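Single-structure report; data block below.
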Amino acid sequence: MPQRTENNFWLLKTEPTEYSWHDLVHDKVTSWSGISNATALIHLRAMKPRDLALIYHTGSERACVGIAEIVKGPYPDPRAGNPKLVAVDIMAKQPLEVAVTLQQIKADPAFVGFDLLRISRLSVVPVPAEMWKRLLTLAKMA
DNA sequence: GCCAACGTTGGC
DNA sequence: GCCAACGTTGGC
């Protein structure tokens, strides 16, 4: 019997001076690896192919800039000895028409309780469907 | 198993 | 440059 599996939505933080959305567009697909935080790993392990993820730039930018798709994984991080350390492959899907800034997100009542605001250090953040929809609206994608 | 000290992340 | 929040480490 076919199993009904809903896609989930995520937000992946990256420091753009280290690896940016532009780098992902150039690479097309990259392995999102090297995550060691326990909570972030729980989220990584919950990902599945076809899930979507916003790429968020930390540092001086502090904005969501593009949409990526999970295309493989989770699988054990090949650079780590511990099989609990997992990675996924993501593919650049499309840039946001307009970047959505952290300031906008903080100011918008739709994002009350959002882990991005609640747990500021978390680098892999689940995005509830209604918040995802709102983010796309703010990004002029809807 | 507790907790103080320290390190890291990321916003301000 | 600073600091808040949180995780990790190691002594006890």
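What you are looking at is a predicted structure, and each value in this text was computed from that prediction instead of being measured. Letters go in sequence order (proteins before strands), and every chain restarts at 1.
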Take the protein atom CG of A/L116 and the nucleotide atom C1' of B/dG10, then report the distance between them rounded to whole Å.
11 Å
Of A/F114, A/F9, A/W10, the residue whose pairing with A/W132 passes ring-ring contact (aromatic ring centres under 6.0 Å, His included):
A/F9
Value in whole Å for how far the P atom of B/dG11 lies from CD1 of A/I105:
10 Å
Rounded to whole angstrom units, what separation is found between the CD atom of A/E61 and the P atom of B/dC12?
15 Å
Can you find a side chain N or O atom of A/Y56 that sits less than 4.0 Å from OP1 or OP2 on B/dG11?
yes
Check the distance between B/dG11's P and A/Q103's CD and give it to me in whole angstrom.
12 Å
Side chain of A/T39, heavy atoms from C-beta onward: which of B/dC12, B/dG10, C/dG7 has the nearest atom to it?
C/dG7
In terms of side-chain heavy atoms of A/T58, which of B/dG11, B/dC12, B/dT9 is nearest?
B/dG11
Which whole-number value in Å describes the distance from A/K13 NZ to B/dT8 C1'?
12 Å
Gap between atoms CG and C1', on A/L11 and B/dG10 respectively (whole Å):
13 Å
Rounded to the nearest angstrom, tell me the gap between atom CG in A/L117 and atom P in B/dG11.
10 Å
Determine whether a donor-acceptor pair (N or O, by modelled atom type, separation under 3.5 Å) exists between the side chain of A/H57 and the backbone of A/V65.
no
Is the shortest side-chain heavy-atom distance between A/I105 and A/D108 below 4.5 Å?
no
A/R121 CZ to C/dG7 P: how many Å, rounded?
6 Å
Per side chain to side chain donor-acceptor pair (under 3.5 Å), A/T58 is matched among A/E18, A/E15, A/K13 by A/E15
